[in-house]
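Below is one structure, written out as structure tokens; comments come after it.
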Amino acid sequence: MAEEGGIQVYALEYRLAPEWKYPTQLHEVEATLRWLHSNASERGVDPNRIAVGGDSAGGNMTAVTALRMREMNGPKIALQLLVYPECKVPFETLAGAENCTGLYLETQGVLLFAWNMLPQGKNHTDYDITPLLADKTLTNGHKNLPKAFIITNGFDPLRDTGFEYAKKLKEAGNEVLYVNHEDLTHGFIQFTKWSKRAMDETVEMARVVGRELGA
């Protein structure tokens, strides 16, 4: 991302579930974002060109952080990069049915992740767990959010919910870049050592982010 996008990258090693339950991870993402905004000049960073991004659960936290920063009038986010994000549990979707077993992330695995991360009594339909449903609980729904670059894959139980999130953001008046790789799986950015196709799309992702930030 740094080399191909020509940008500074801050990789957050947030604390993991089940030892650390929600919302620990969100607080760490937000603290990092606020720290970078506050220290932008000494880090050589333009505070108006800071993106937040992540893949899978990181995509979920990115989408939720964008919503929370809008709700709290927090630091500006120039771009949200959502790489095969978990925007809603995919149990009733076609993608969930097609990918219930066999290819890296399995549909039932999403339930296991949620079981480990969410504290007892947390409503999983809240926007800060399920950003796809933000229009059900927040007055502004999905309006006035940072530009989004959303990537989904054909062989991924999260494909359809990622597409629906892109659609909702667009319908709410936000700028959206959306790409679906029909032939790739969830987690492809981890497979670049073994797959030229995965490497090519990871490089392209980095270059798009660089262009969007004006690097």
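Worth knowing before you read on, the calculation uses all heavy atoms, side chains too, and leaves out hydrogens, waters and symmetry mates. Numbering starts at 1 and runs along the sequence shown.
With rounding to the nearest 0.5 angstrom, the CZ atom of Phe149 is 12.5 Å from the CD atom of Gln80. Summarising the geometry, atom CH2 belonging to Trp35 is positioned 11.5 Å from atom CG belonging to Leu33; distances are rounded to the nearest 0.5 Å. Taken from CG in Asn60 to OH in Tyr84, the straight-line distance is 14.0 Å, to the nearest 0.5 Å. A distance of 9.0 Å separates OG in Ser56 from CE in Met61, rounded to the nearest 0.5 Å. Put simply, CG on Leu118 and CZ on Phe113 are 13.0 Å apart, with the number rounded to the nearest 0.5 Å. Annotation: the span from Thr161 atom OG1 to Lys168 atom NZ amounts to 11.5 Å, rounded to 0.5 Å.
Without hydrogens or angle criteria, Glu86 side chain to Leu158 main chain gives no donor-acceptor distance under 3.5 Å. Between the side chain of Asp160 and the main chain of Thr93, no donor-acceptor pair closer than 3.5 Å is present. Between the side chain of Glu4 and the backbone N or O of Val203, no donor-acceptor pair lies under 3.5 Å. No donor-acceptor pair closer than 3.5 Å links the side chain of Ser195 to the backbone N or O of Thr192. The backbone N or O of Leu133 lies less than 3.5 Å from no partner atom in the side chain of Thr130, so there is not a single donor-acceptor pair. Judged by distance alone, the side chain of Lys21 and the main-chain N or O of Asn116 form a donor-acceptor pair under 3.5 Å. Arg70 places a side-chain N or O within donor-acceptor distance of the main-chain N or O of Lys143, the cut-off being under 3.5 Å. Of the possible donor and acceptor atoms, none in the side chain of Asn174 sits under 3.5 Å from a partner among the backbone N and O of Lys147. Glu201 contributes no side-chain N or O that, together with a main-chain N or O of Glu204, makes up a donor-acceptor pair within less than 3.5 Å. Judged by distance alone, the side chain of His142 and the main-chain N or O of Pro131 form a donor-acceptor pair under 3.5 Å.
Under a hydrophobic clustering in which Ile, Leu, Val, Met, Phe, Trp and Tyr are joined whenever their side-chain heavy atoms come within less than 4.5 Å, directly or via other members, Ile7 and Val52 fall into different clusters. With hydrophobic clusters built from ILVMFWY side chains whose heavy atoms lie under 4.5 angstrom apart, Leu79 shares a cluster with Val83. In the hydrophobic clustering of this structure, Val209 does not group with Ile150; members are Ile, Leu, Val, Met, Phe, Trp, Tyr whose side-chain heavy atoms approach within less than 4.5 Å, directly or through other members. Hydrophobic clustering, with ILVMFWY side chains joined whenever heavy atoms are under 4.5 angstrom apart, groups Leu177 together with Met205. Val9 and Leu213 fall within the same hydrophobic cluster, defined by Ile, Leu, Val, Met, Phe, Trp and Tyr side-chain heavy atoms under 4.5 Å apart, directly or through other members.
Among pairs with a residue in residues 104-114, those fulfilling side-chain hydrogen bond (donor to acceptor under 3.5 Å, both in side chains) read Thr101-Glu106, Tyr104-Gln190, at least two apart in sequence or across chains.
Looking only at atom types and distance, the side chain of Thr152 has a donor-acceptor partner in the side chain of Tyr178 under 3.5 Å away.
With contacts defined as side-chain heavy-atom distances shorter than 4.5 Å, the pair Asn180/Phe163 does not qualify. Counting heavy atoms from C-beta outward, His181 and Arg197 have side chains that approach closer than 4.5 Å. Side-chain contact check for Arg43 versus Tyr10: some heavy-atom pair is nearer than 4.5 Å. In this structure, the side chains of Pro75 and Met69 come closer than 4.5 Å at one or more pairs of heavy atoms. Residues Val45 and Leu36 have side chains in contact (heavy-atom distance under 4.5 Å, counting atoms from C-beta outward). Annotation: side chain of Met1 is in contact with side chain of Leu81 (closest heavy-atom distance under 4.5 Å). Side chains of Phe188 and Ile151 form a contact here, defined as non-hydrogen atoms less than 4.5 Å apart. Within the 4.5 Å cutoff, the side chain of Ile50 has no heavy atoms near those of the Lys76 side chain.
In the hydrophobic clustering, Leu94 connects to no other residue, as no ILVMFWY side-chain heavy atoms lie under 4.5 Å from its own. Think of Leu103 as one node in a network of Ile, Leu, Val, Met, Phe, Trp and Tyr side chains linked at under 4.5 Å; its network also takes in Phe155.
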Check: Which is it for Arg159 and Glu98 under the salt bridge (Lys or Arg N to Asp or Glu O under 4.0 Å) test, yes or no, and what are the steps along the way?
Finding: CA-CA 10 Å; Arg159 179 194 68 217; Glu98 291 174 345; 3.0 Å; yes

Notebook entry, point to check: Can Leu105 and Asn99 be said to form a side chain to side chain contact (heavy atoms under 4.5 Å, CB included), step by step?
Noted result: CA-CA 8 Å; Leu105 177 65; Asn99 296 282; over 6 Å; no

Item checked: Stepwise side chain to side chain contact (heavy atoms under 4.5 Å, CB included) test for Leu67 and Leu145 -> CA-CA 7 Å; Leu67 287 162; Leu145 291 171; 3.7 Å; yes

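With salt bridges taken as basic N to acidic carboxylate O contacts below 4.0 Å, none links Lys170 and Glu175. Residues Lys122 and Asp128 are paired through a salt bridge, judged by an N-O separation under 4.0 Å between the basic side chain and the carboxylate.
For CD of Glu92, the number of neighbouring non-hydrogen atoms (other residues, nucleotides, ligands) closer than 6.0 Å is greater than 12.
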